[in-house]
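First the structure, in the form of C-alpha coordinates, and then the observations on it.
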There are 2 protein chains.
Amino acid sequence: MARQTRERILGTSLALFNARGEPNVSTNHIADELGISPGNLYYHFRSKDDIVEHLFARYETRLDEALLLPEGRVPDLEDIWLQLHLVFESLREYRFLYRDLVDILARNRKLKLRFARIMVRADASITALLRGLAGAGAIRASADEIRALVENILLIATFWMNFDAVRGGKTHADEVDLNRGIHQVMMLVAPFLRDAERHHLNALAATYLR
Amino acid sequence: MARQTRERILGTSLALFNARGEPNVSTNHIADELGISPGNLYYHFRSKDDIVEHLFARYETRLDEALLLPEGRVPDLEDIWLQLHLVFESLREYRFLYRDLVDILARNRKLKLRFARIMVRADASITALLRGLAGAGAIRASADEIRALVENILLIATFWMNFDAVRGGKTHADEVDLNRGIHQVMMLVAPFLRDAERHHLNALAATYLR
DNA sequence: GTCTATATAGGGATAGAC
DNA sequence: GTCTATCCCTATATAGAC
(Lines give C-alpha, C1' and ligand atoms only; values in the text may rest on other atoms or scores of the structure.)
Protein backbone atom coordinates (compact mmCIF):
# COMPACT_ATOMS: atom_id res chain seq x y z
CA MET A 1 0.00 0.00 0.00
CA ALA A 2 3.06 2.25 -0.17
CA ARG A 3 2.03 3.77 -3.46
CA GLN A 4 -1.42 4.48 -2.07
CA THR A 5 -0.25 6.35 1.01
CA ARG A 6 2.22 8.36 -1.02
CA GLU A 7 -0.56 9.30 -3.37
CA ARG A 8 -2.92 10.22 -0.57
CA ILE A 9 -0.26 12.44 1.00
CA LEU A 10 0.19 14.32 -2.25
CA GLY A 11 -3.55 14.67 -2.80
CA THR A 12 -4.30 15.87 0.72
CA SER A 13 -1.34 18.22 0.73
CA LEU A 14 -2.52 19.81 -2.49
CA ALA A 15 -6.04 20.23 -1.14
CA LEU A 16 -4.85 21.77 2.14
CA PHE A 17 -2.27 24.00 0.48
CA ASN A 18 -4.88 25.31 -1.92
CA ALA A 19 -7.41 25.88 0.81
CA ARG A 20 -5.24 27.56 3.46
CA GLY A 21 -2.03 28.54 1.74
CA GLU A 22 1.15 26.46 1.83
CA PRO A 23 2.85 28.48 4.60
CA ASN A 24 -0.14 27.85 6.88
CA VAL A 25 -0.17 24.07 6.48
CA SER A 26 2.33 22.06 8.51
CA THR A 27 3.37 18.46 7.94
CA ASN A 28 1.51 17.67 11.15
CA HIS A 29 -1.69 19.11 9.70
CA ILE A 30 -1.31 16.95 6.64
CA ALA A 31 -0.70 13.80 8.67
CA ASP A 32 -3.60 14.66 10.96
CA GLU A 33 -5.97 15.17 8.09
CA LEU A 34 -4.99 11.79 6.67
CA GLY A 35 -5.18 10.03 10.01
CA ILE A 36 -1.56 8.89 9.79
CA SER A 37 1.41 9.71 11.99
CA PRO A 38 3.94 12.43 11.18
CA GLY A 39 6.61 9.73 11.21
CA ASN A 40 4.79 7.87 8.49
CA LEU A 41 4.59 10.98 6.38
CA TYR A 42 8.34 11.39 6.68
CA TYR A 43 8.83 7.78 5.63
CA HIS A 44 7.33 8.71 2.28
CA PHE A 45 8.78 12.21 1.83
CA ARG A 46 12.10 13.56 3.01
CA SER A 47 10.70 16.98 3.81
CA LYS A 48 7.81 19.31 3.31
CA ASP A 49 9.70 20.83 0.42
CA ASP A 50 9.92 17.40 -1.13
CA ILE A 51 6.13 17.29 -1.22
CA VAL A 52 5.97 20.76 -2.74
CA GLU A 53 8.48 19.74 -5.41
CA HIS A 54 6.48 16.68 -6.41
CA LEU A 55 3.32 18.77 -6.68
CA PHE A 56 5.24 21.30 -8.72
CA ALA A 57 6.31 18.57 -11.15
CA ARG A 58 2.69 17.60 -11.69
CA TYR A 59 1.71 21.20 -12.16
CA GLU A 60 4.41 21.61 -14.76
CA THR A 61 3.24 18.57 -16.73
CA ARG A 62 -0.35 19.65 -16.50
CA LEU A 63 0.38 23.16 -17.69
CA ASP A 64 2.55 22.07 -20.60
CA GLU A 65 -0.29 19.94 -21.88
CA ALA A 66 -2.60 22.94 -21.70
CA LEU A 67 -0.08 25.07 -23.58
CA LEU A 68 -0.12 22.79 -26.64
CA LEU A 69 -1.72 24.50 -29.58
CA PRO A 70 -3.94 22.83 -32.14
CA GLU A 71 -1.53 22.01 -34.95
CA GLY A 72 -1.76 22.79 -38.60
CA ARG A 73 -4.15 25.67 -38.67
CA VAL A 74 -4.46 29.22 -37.46
CA PRO A 75 -6.68 29.12 -34.37
CA ASP A 76 -9.81 31.22 -34.22
CA LEU A 77 -11.23 33.09 -31.24
CA GLU A 78 -13.07 30.04 -29.89
CA ASP A 79 -9.86 28.01 -30.00
CA ILE A 80 -8.10 30.68 -28.03
CA TRP A 81 -10.89 30.99 -25.49
CA LEU A 82 -10.82 27.23 -24.98
CA GLN A 83 -7.07 27.11 -24.58
CA LEU A 84 -7.13 29.99 -22.16
CA HIS A 85 -9.74 28.12 -20.18
CA LEU A 86 -7.56 25.00 -20.05
CA VAL A 87 -4.57 27.02 -18.90
CA PHE A 88 -6.49 28.90 -16.22
CA GLU A 89 -7.97 25.64 -14.99
CA SER A 90 -4.46 24.20 -14.61
CA LEU A 91 -3.39 27.21 -12.59
CA ARG A 92 -6.47 26.88 -10.42
CA GLU A 93 -5.69 23.25 -9.62
CA TYR A 94 -2.30 24.27 -8.26
CA ARG A 95 -3.23 27.72 -7.05
CA PHE A 96 -1.25 27.37 -3.81
CA LEU A 97 1.89 27.88 -5.91
CA TYR A 98 0.56 31.19 -7.16
CA ARG A 99 -0.79 32.37 -3.85
CA ASP A 100 2.69 32.51 -2.32
CA LEU A 101 4.71 32.42 -5.50
CA VAL A 102 7.46 34.84 -4.56
CA ASP A 103 8.06 33.25 -1.18
CA ILE A 104 8.00 29.68 -2.47
CA LEU A 105 10.41 30.42 -5.29
CA ALA A 106 12.69 32.48 -3.05
CA ARG A 107 13.09 29.49 -0.72
CA ASN A 108 13.83 26.96 -3.44
CA ARG A 109 16.29 27.66 -6.23
CA LYS A 110 15.36 24.58 -8.25
CA LEU A 111 11.74 25.62 -8.39
CA LYS A 112 12.69 29.18 -9.21
CA LEU A 113 14.68 27.99 -12.22
CA ARG A 114 11.96 25.63 -13.36
CA PHE A 115 9.33 28.30 -13.04
CA ALA A 116 11.45 30.75 -15.01
CA ARG A 117 11.71 28.16 -17.78
CA ILE A 118 7.96 27.63 -17.74
CA MET A 119 7.52 31.35 -18.22
CA VAL A 120 9.87 31.27 -21.18
CA ARG A 121 7.87 28.44 -22.78
CA ALA A 122 4.58 30.21 -22.13
CA ASP A 123 6.00 33.39 -23.58
CA ALA A 124 7.08 31.53 -26.73
CA SER A 125 3.71 29.85 -27.02
CA ILE A 126 1.71 33.07 -26.75
CA THR A 127 4.08 34.90 -29.07
CA ALA A 128 3.73 32.20 -31.71
CA LEU A 129 -0.04 32.32 -31.40
CA LEU A 130 -0.21 36.10 -31.80
CA ARG A 131 2.20 36.06 -34.72
CA GLY A 132 0.04 33.43 -36.35
CA LEU A 133 -2.98 35.64 -35.94
CA ALA A 134 -1.10 38.62 -37.29
CA GLY A 135 0.11 36.60 -40.25
CA ALA A 136 -3.45 35.50 -41.02
CA GLY A 137 -4.56 39.11 -40.85
CA ALA A 138 -6.83 38.60 -37.85
CA ILE A 139 -4.93 41.11 -35.74
CA ARG A 140 -2.86 44.17 -36.56
CA ALA A 141 0.06 44.83 -34.25
CA SER A 142 3.71 45.80 -34.52
CA ALA A 143 6.50 43.62 -33.15
CA ASP A 144 6.87 45.96 -30.16
CA GLU A 145 3.17 45.86 -29.50
CA ILE A 146 3.18 42.06 -29.60
CA ARG A 147 6.10 41.93 -27.19
CA ALA A 148 4.34 44.18 -24.67
CA LEU A 149 1.05 42.36 -25.18
CA VAL A 150 2.59 38.96 -24.49
CA GLU A 151 4.13 40.21 -21.27
CA ASN A 152 0.86 41.67 -20.07
CA ILE A 153 -1.03 38.49 -20.92
CA LEU A 154 1.48 36.47 -18.93
CA LEU A 155 1.28 38.81 -15.97
CA ILE A 156 -2.50 38.81 -15.87
CA ALA A 157 -2.70 35.05 -16.20
CA THR A 158 -0.10 34.57 -13.47
CA PHE A 159 -1.68 36.86 -10.92
CA TRP A 160 -5.36 36.89 -11.79
CA MET A 161 -6.28 34.57 -8.93
CA ASN A 162 -4.41 36.68 -6.40
CA PHE A 163 -6.01 39.83 -7.73
CA ASP A 164 -9.43 38.28 -7.51
CA ALA A 165 -8.76 37.07 -3.96
CA VAL A 166 -7.49 40.43 -2.79
CA ARG A 167 -9.85 42.73 -4.59
CA GLY A 168 -12.85 42.48 -2.29
CA GLY A 169 -15.88 40.30 -1.55
CA LYS A 170 -14.63 36.71 -1.36
CA THR A 171 -14.91 35.74 2.27
CA HIS A 172 -13.66 32.30 1.46
CA ALA A 173 -10.75 31.68 -0.83
CA ASP A 174 -11.18 28.82 -3.29
CA GLU A 175 -13.99 30.39 -5.24
CA VAL A 176 -11.98 32.05 -7.96
CA ASP A 177 -13.77 33.61 -10.89
CA LEU A 178 -11.73 32.24 -13.77
CA ASN A 179 -14.13 33.48 -16.41
CA ARG A 180 -13.55 37.07 -15.45
CA GLY A 181 -9.80 36.49 -15.67
CA ILE A 182 -10.14 35.00 -19.12
CA HIS A 183 -12.29 37.95 -20.10
CA GLN A 184 -9.63 40.38 -18.93
CA VAL A 185 -7.01 38.64 -21.05
CA MET A 186 -9.26 38.76 -24.08
CA MET A 187 -9.85 42.47 -23.53
CA LEU A 188 -6.10 42.91 -23.77
CA VAL A 189 -6.14 41.49 -27.27
CA ALA A 190 -9.40 43.08 -28.41
CA PRO A 191 -8.02 46.48 -29.44
CA PHE A 192 -5.75 44.78 -31.98
CA LEU A 193 -8.50 42.77 -33.64
CA ARG A 194 -10.07 43.77 -36.94
CA ASP A 195 -13.64 45.01 -36.63
CA ALA A 196 -15.24 41.71 -37.59
CA GLU A 197 -13.27 39.77 -35.00
CA ARG A 198 -13.76 42.43 -32.38
CA HIS A 199 -17.52 42.18 -32.68
CA HIS A 200 -17.26 38.41 -32.61
CA LEU A 201 -15.26 38.69 -29.41
CA ASN A 202 -17.78 40.99 -27.78
CA ALA A 203 -20.50 38.45 -28.51
CA LEU A 204 -18.36 35.68 -27.03
CA ALA A 205 -17.60 37.78 -23.96
CA ALA A 206 -21.27 38.42 -23.33
CA THR A 207 -21.92 34.67 -23.45
CA TYR A 208 -19.15 33.58 -21.12
CA LEU A 209 -19.05 36.37 -18.58
CA ARG A 210 -22.28 35.77 -16.69
CA MET B 1 13.80 58.74 23.53
CA ALA B 2 10.61 56.68 23.31
CA ARG B 3 9.57 58.27 20.07
CA GLN B 4 12.99 57.57 18.59
CA THR B 5 13.06 53.88 19.37
CA ARG B 6 9.54 53.44 18.09
CA GLU B 7 10.56 55.14 14.90
CA ARG B 8 13.68 53.05 14.52
CA ILE B 9 11.70 49.87 15.00
CA LEU B 10 9.32 50.85 12.24
CA GLY B 11 12.14 51.85 9.90
CA THR B 12 14.19 48.72 10.47
CA SER B 13 11.13 46.49 10.23
CA LEU B 14 10.24 48.02 6.88
CA ALA B 15 13.77 47.56 5.58
CA LEU B 16 13.98 43.94 6.71
CA PHE B 17 10.48 43.07 5.50
CA ASN B 18 11.24 44.53 2.10
CA ALA B 19 14.57 42.76 1.84
CA ARG B 20 13.61 39.26 3.03
CA GLY B 21 9.85 39.11 3.01
CA GLU B 22 7.68 39.70 6.06
CA PRO B 23 7.10 36.00 6.85
CA ASN B 24 10.87 35.46 7.01
CA VAL B 25 11.57 38.23 9.50
CA SER B 26 10.90 37.52 13.19
CA THR B 27 10.56 40.06 15.96
CA ASN B 28 13.87 38.72 17.27
CA HIS B 29 15.56 39.54 13.96
CA ILE B 30 14.26 43.06 14.14
CA ALA B 31 15.44 43.56 17.71
CA ASP B 32 18.81 42.02 16.86
CA GLU B 33 19.31 44.27 13.89
CA LEU B 34 18.57 47.30 16.07
CA GLY B 35 20.73 46.11 18.93
CA ILE B 36 17.82 46.21 21.35
CA SER B 37 16.18 43.42 23.32
CA PRO B 38 13.03 41.60 22.19
CA GLY B 39 11.41 42.76 25.41
CA ASN B 40 12.05 46.35 24.50
CA LEU B 41 10.49 45.84 21.11
CA TYR B 42 7.37 44.50 22.79
CA TYR B 43 7.27 47.53 25.05
CA HIS B 44 6.72 49.66 21.98
CA PHE B 45 4.50 47.35 19.97
CA ARG B 46 1.92 44.87 21.16
CA SER B 47 2.73 42.33 18.47
CA LYS B 48 4.40 41.80 15.15
CA ASP B 49 1.05 42.44 13.51
CA ASP B 50 0.90 45.78 15.30
CA ILE B 51 4.09 46.78 13.50
CA VAL B 52 2.70 45.64 10.17
CA GLU B 53 -0.47 47.65 10.76
CA HIS B 54 1.46 50.83 11.49
CA LEU B 55 3.52 50.38 8.34
CA PHE B 56 0.33 49.74 6.42
CA ALA B 57 -1.12 53.04 7.66
CA ARG B 58 1.90 54.90 6.33
CA TYR B 59 1.70 53.08 3.04
CA GLU B 60 -1.94 54.08 2.74
CA THR B 61 -1.21 57.76 3.38
CA ARG B 62 1.72 57.71 0.99
CA LEU B 63 -0.29 56.08 -1.77
CA ASP B 64 -3.27 58.37 -1.42
CA GLU B 65 -1.00 61.37 -1.90
CA ALA B 66 0.35 59.79 -5.07
CA LEU B 67 -3.16 59.15 -6.33
CA LEU B 68 -4.09 62.84 -6.26
CA LEU B 69 -4.57 64.22 -9.74
CA PRO B 70 -3.55 67.68 -10.90
CA GLU B 71 -6.76 69.67 -10.57
CA GLY B 72 -8.48 71.85 -13.09
CA ARG B 73 -7.14 70.55 -16.35
CA VAL B 74 -7.11 67.39 -18.40
CA PRO B 75 -3.72 65.76 -17.83
CA ASP B 76 -1.47 64.99 -20.76
CA LEU B 77 0.75 61.97 -21.29
CA GLU B 78 3.65 63.41 -19.32
CA ASP B 79 1.35 64.09 -16.36
CA ILE B 80 0.21 60.51 -16.46
CA TRP B 81 3.71 59.13 -16.74
CA LEU B 82 4.75 61.21 -13.75
CA GLN B 83 1.80 60.14 -11.67
CA LEU B 84 2.36 56.51 -12.55
CA HIS B 85 5.94 56.93 -11.46
CA LEU B 86 4.88 58.38 -8.10
CA VAL B 87 2.45 55.53 -7.54
CA PHE B 88 4.94 52.83 -8.47
CA GLU B 89 7.52 54.43 -6.21
CA SER B 90 5.07 54.29 -3.30
CA LEU B 91 4.43 50.62 -3.93
CA ARG B 92 8.16 49.95 -4.08
CA GLU B 93 8.71 51.60 -0.70
CA TYR B 94 6.25 49.18 0.88
CA ARG B 95 6.82 46.26 -1.44
CA PHE B 96 6.78 43.71 1.40
CA LEU B 97 3.01 44.16 1.49
CA TYR B 98 2.77 43.17 -2.15
CA ARG B 99 5.23 40.32 -1.97
CA ASP B 100 2.99 38.34 0.36
CA LEU B 101 -0.22 40.23 -0.18
CA VAL B 102 -2.66 37.34 -0.15
CA ASP B 103 -1.19 35.83 3.00
CA ILE B 104 -0.93 39.11 4.88
CA LEU B 105 -4.51 40.09 4.09
CA ALA B 106 -5.82 36.61 4.82
CA ARG B 107 -4.38 36.82 8.34
CA ASN B 108 -5.71 40.27 9.13
CA ARG B 109 -9.29 41.24 8.43
CA LYS B 110 -8.78 44.93 9.16
CA LEU B 111 -6.01 45.19 6.60
CA LYS B 112 -8.01 43.20 4.09
CA LEU B 113 -10.86 45.68 4.37
CA ARG B 114 -8.60 48.69 4.18
CA PHE B 115 -6.81 47.30 1.17
CA ALA B 116 -10.11 46.62 -0.56
CA ARG B 117 -11.07 50.24 0.02
CA ILE B 118 -7.77 51.44 -1.38
CA MET B 119 -8.47 49.42 -4.50
CA VAL B 120 -11.86 51.08 -4.81
CA ARG B 121 -10.29 54.53 -4.56
CA ALA B 122 -7.59 53.67 -7.07
CA ASP B 123 -10.23 52.29 -9.41
CA ALA B 124 -12.23 55.53 -9.14
CA SER B 125 -9.12 57.61 -9.69
CA ILE B 126 -8.04 55.74 -12.83
CA THR B 127 -11.59 55.68 -14.17
CA ALA B 128 -11.93 59.43 -13.74
CA LEU B 129 -8.62 59.99 -15.48
CA LEU B 130 -9.53 57.84 -18.47
CA ARG B 131 -12.98 59.39 -18.77
CA GLY B 132 -11.35 62.79 -18.74
CA LEU B 133 -9.08 61.75 -21.57
CA ALA B 134 -12.00 60.31 -23.49
CA GLY B 135 -13.99 63.50 -22.95
CA ALA B 136 -11.10 65.58 -24.24
CA GLY B 137 -10.90 63.35 -27.29
CA ALA B 138 -7.41 62.03 -26.51
CA ILE B 139 -8.58 58.45 -26.34
CA ARG B 140 -11.42 56.56 -27.93
CA ALA B 141 -12.92 53.78 -25.83
CA SER B 142 -16.37 52.50 -24.92
CA ALA B 143 -17.58 52.32 -21.33
CA ASP B 144 -16.99 48.55 -21.33
CA GLU B 145 -13.51 49.00 -22.70
CA ILE B 146 -12.70 51.55 -20.03
CA ARG B 147 -13.99 49.24 -17.32
CA ALA B 148 -11.79 46.36 -18.49
CA LEU B 149 -8.84 48.68 -19.02
CA VAL B 150 -9.03 50.06 -15.50
CA GLU B 151 -9.07 46.59 -14.03
CA ASN B 152 -6.06 45.51 -16.04
CA ILE B 153 -4.14 48.64 -15.10
CA LEU B 154 -4.86 47.97 -11.44
CA LEU B 155 -3.79 44.36 -11.71
CA ILE B 156 -0.55 45.15 -13.49
CA ALA B 157 0.33 47.90 -11.04
CA THR B 158 -0.46 45.66 -8.08
CA PHE B 159 1.58 42.69 -9.19
CA TRP B 160 4.27 44.14 -11.42
CA MET B 161 6.96 43.81 -8.75
CA ASN B 162 6.09 40.18 -8.09
CA PHE B 163 6.09 39.44 -11.79
CA ASP B 164 9.45 41.07 -12.22
CA ALA B 165 10.87 39.17 -9.24
CA VAL B 166 9.58 35.83 -10.42
CA ARG B 167 10.17 36.15 -14.12
CA GLY B 168 13.89 35.37 -14.25
CA GLY B 169 17.31 36.94 -13.73
CA LYS B 170 17.12 38.91 -10.44
CA THR B 171 19.36 37.00 -8.08
CA HIS B 172 18.70 39.59 -5.43
CA ALA B 173 15.29 40.94 -4.74
CA ASP B 174 15.11 44.68 -4.13
CA GLU B 175 16.22 45.71 -7.58
CA VAL B 176 12.82 46.08 -9.17
CA ASP B 177 12.58 47.56 -12.63
CA LEU B 178 9.78 50.08 -12.13
CA ASN B 179 10.25 51.70 -15.52
CA ARG B 180 9.40 48.51 -17.31
CA GLY B 181 6.26 48.18 -15.22
CA ILE B 182 5.22 51.72 -16.04
CA HIS B 183 5.91 50.99 -19.68
CA GLN B 184 3.67 47.92 -19.55
CA VAL B 185 0.82 50.00 -18.12
CA MET B 186 1.23 52.62 -20.83
CA MET B 187 1.17 49.91 -23.48
CA LEU B 188 -2.23 48.93 -22.11
CA VAL B 189 -3.56 52.39 -22.89
CA ALA B 190 -1.71 52.92 -26.17
CA PRO B 191 -4.16 51.12 -28.48
CA PHE B 192 -6.90 53.53 -27.45
CA LEU B 193 -4.93 56.68 -28.16
CA ARG B 194 -5.43 58.75 -31.29
CA ASP B 195 -2.53 58.55 -33.75
CA ALA B 196 -0.88 61.78 -32.63
CA GLU B 197 -0.87 60.74 -28.98
CA ARG B 198 0.20 57.21 -29.82
CA HIS B 199 3.29 58.46 -31.58
CA HIS B 200 3.98 60.82 -28.72
CA LEU B 201 3.75 57.88 -26.34
CA ASN B 202 6.14 55.79 -28.39
CA ALA B 203 8.68 58.60 -28.23
CA LEU B 204 8.20 58.86 -24.46
CA ALA B 205 8.55 55.11 -24.08
CA ALA B 206 11.82 55.06 -25.98
CA THR B 207 13.18 57.77 -23.67
CA TYR B 208 12.19 56.20 -20.38
CA LEU B 209 12.69 52.51 -21.05
CA ARG B 210 16.48 52.33 -21.23
C1' DG C 1 4.86 0.66 6.42
C1' DT C 2 3.43 2.51 10.31
C1' DC C 3 3.57 3.91 14.93
C1' DT C 4 5.17 6.41 19.41
C1' DA C 5 8.32 9.18 21.36
C1' DT C 6 11.46 12.64 21.10
C1' DA C 7 15.20 15.83 19.52
C1' DT C 8 15.97 20.38 18.11
C1' DA C 9 15.04 24.82 16.77
C1' DG C 10 12.67 28.95 16.49
C1' DG C 11 8.67 31.72 16.72
C1' DG C 12 5.67 35.19 19.53
C1' DA C 13 5.09 37.11 23.69
C1' DT C 14 5.35 38.26 29.01
C1' DA C 15 7.29 39.06 33.98
C1' DG C 16 9.90 41.46 36.74
C1' DA C 17 14.44 43.56 37.85
C1' DC C 18 17.03 47.69 36.83
C1' DG D 1 12.57 52.60 28.60
C1' DT D 2 15.26 48.89 28.56
C1' DC D 3 17.14 44.51 29.81
C1' DT D 4 17.36 39.44 31.16
C1' DA D 5 15.16 35.45 31.67
C1' DT D 6 11.77 32.59 30.51
C1' DC D 7 7.21 30.52 29.09
C1' DC D 8 4.65 28.35 25.81
C1' DC D 9 3.76 26.71 21.57
C1' DT D 10 4.38 24.86 17.06
C1' DA D 11 7.27 23.45 13.28
C1' DT D 12 10.42 20.19 10.93
C1' DA D 13 12.54 16.10 11.29
C1' DT D 14 14.57 11.58 13.31
C1' DA D 15 15.13 7.05 16.16
C1' DG D 16 13.72 2.90 17.12
C1' DA D 17 9.88 -0.33 18.43
C1' DC D 18 6.24 -3.04 16.22
Side-chain angles (χ1 to χ4, degrees), chain A residues 1-56 96-97 99-100 102-111, chain B residues 1-56 96-97 99-100 102-111:
Chain A
M1 297 298 125
R3 210 77 236 149
Q4 254 225 34
T5 301
R6 228 184 118 78
E7 213 41 55
R8 294 207 312 138
I9 291 172
L10 286 175
T12 299
S13 298
L14 178 58
L16 289 177
F17 288 166
N18 281 342
R20 305 186 205 167
E22 180 271 340
N24 307 312
V25 177
S26 70
T27 49
N28 284 357
H29 290 147
I30 299 167
D32 246 42
E33 182 76 18
L34 281 164
I36 67 174
S37 66
N40 191 3
L41 185 148
Y42 277 93
Y43 170 81
H44 290 284
F45 293 94
R46 264 199 293 290
S47 64
K48 188 184 170 185
D49 231 54
D50 194 20
I51 296 176
V52 171
E53 285 182 20
H54 277 85
L55 291 175
F56 188 97
F96 80 93
L97 286 172
R99 194 194 119 122
D100 299 282
V102 180
D103 212 50
I104 290 173
L105 298 190
R107 286 187 333 235
N108 188 319
R109 288 186 188 182
K110 265 185 287 185
L111 294 190
Chain B
M1 298 295 126
R3 216 66 244 147
Q4 252 227 34
T5 301
R6 227 184 120 78
E7 215 40 56
R8 294 208 310 139
I9 291 172
L10 287 175
T12 299
S13 298
L14 177 58
L16 290 177
F17 289 168
N18 280 342
R20 306 186 204 168
E22 180 271 340
N24 306 311
V25 176
S26 71
T27 50
N28 285 357
H29 291 146
I30 299 168
D32 245 43
E33 181 75 18
L34 281 165
I36 68 173
S37 66
N40 192 3
L41 185 147
Y42 277 93
Y43 170 80
H44 290 283
F45 293 94
R46 264 198 294 291
S47 63
K48 187 183 171 185
D49 231 54
D50 193 20
I51 296 177
V52 171
E53 284 180 21
H54 277 85
L55 291 175
F56 188 97
F96 81 93
L97 287 172
R99 195 194 119 119
D100 299 282
V102 180
D103 212 50
I104 289 173
L105 299 189
R107 284 186 335 233
N108 189 318
R109 288 188 188 179
K110 264 186 285 183
L111 294 190

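In what follows, chains are A, B, ... by sequence order, proteins preceding strands, each numbered from 1. Side chains are part of it too, since the values below use all heavy atoms of this structure and drop only hydrogens, waters and symmetry mates.
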Q) Which nucleotide in the set C:dG12, C:dG11, D:dT14 lies at the smallest distance from any side-chain heavy atom of B:His29? A) C:dG11

(Q) Using the salt bridge (charged side-chain N to carboxylate O under 4.0 Å, His left out) criterion, which residues pair with A:Glu53? Sequence neighbours excluded. (A) A:Lys110

Q | Any residue meeting side chain to side chain donor-acceptor pair (under 3.5 Å) with A:Asp32, in chain and number order, not counting sequence neighbours | A | none

**Q.** Atom pair distance, as rounded to whole Å: CZ in B:Arg46 and C1' in C:dT14
**A.** 15 Å

Q: Output the single nucleotide from C:dT2, D:dA13, D:dT2 whose closest atom is nearest the side chain of B:Thr5.
A: D:dT2

(Q) B:Arg46: which residues meet the salt bridge (charged side-chain N to carboxylate O under 4.0 Å, His left out) condition with it, sequence neighbours left out? (A) none

Q. Nearest nucleotide by nearest heavy atom, which residue falls closer to the 5' end of DNA chain D, A:Tyr43 or A:Asn24?
A. A:Asn24

Q) What integer distance in Å separates A:Lys48:NZ from D:dT10:C1'? A) 12 Å

Q) Does C:dG11 have OP1 or OP2 sitting under 4.0 Å from an N or O in the side chain of B:Ser26? A) yes

Q.
To the closest 0.5 Å, what do you measure between CD1 (A:Ile9) and CG (A:Asn40)?
A. 6.0 Å

Q: Send over the distance from B:Phe45 CZ to D:dT2 C1', rounded to a whole Å.
A: 15 Å

(Q) Does anything in residues 32-40 of chain A come within less than 4.0 Å of DNA chain C? Heavy atoms only, and list the residues if so. (A) A:Gly35, A:Ile36, A:Ser37, A:Gly39, A:Asn40

Q) Who pairs with A:Val102 by side-chain contact (heavy atoms from CB on, under 4.5 Å), at least two apart in sequence or on another chain? A) B:Arg99, B:Asn162, B:Val166

Q | B:Leu10 CG to B:His44 NE2 distance, which is reported to the nearest 0.5 Å | A | 10.5 Å

Q.
Nearest to the side chain of A:Thr27, heavy atoms from C-beta on, is which of C:dG12, D:dA13, D:dT12?
A. D:dT12

Q. Nearest heavy-atom pair of A:Val52 and A:Leu111: which atoms, and what distance?
A. CG1-CD1, 4.0 Å

Q: Could you pull out the closest heavy-atom pair between A:Ser13 and A:Leu55, with the gap in Å?
A: CB-CD1, 4.3 Å

Q: Indicate the ring-plane relationship of B:Phe45 and B:His54, choosing parallel, tilted or perpendicular according to the 30° and 60° boundaries.
A: perpendicular

Q: Starting at atom CG of B:Asn28, determine the distance to atom C1' of D:dC7, rounded to an integer number of angstrom.
A: 14 Å

Q. The side chain of A:His44 lies closest to which of these nucleotides: C:dG11, C:dT2, C:dT14?
A. C:dT2

Q) Separation of B:Gln4 atom CD from D:dT2 atom C1', in whole Å? A) 14 Å

Q: Round to a whole Å and report the spacing from CD1 of A:Ile30 to P of D:dA11.
A: 11 Å

Q.
Between A:Tyr42 and D:dT14, is there a contact of a side-chain N or O with OP1 or OP2 at under 4.0 Å?
A. no

Q. Where is the tightest heavy-atom contact between A:Ile51 and A:Phe17, given as atom of each residue plus distance?
A. CG2-CE1, 4.4 Å

Q: Mind calculating the distance between CD1 (B:Ile51) and C1' (C:dA13) to the nearest angstrom?
A: 12 Å

Q: Would you mind reading off the distance between B:Ile9 atom CD1 and D:dC3 atom C1', rounded to a whole angstrom?
A: 14 Å

Strictly under 3.5 Å: I want the nitrogen or oxygen pairs between protein and nucleotides 16-18 of chain C, one per line.
none

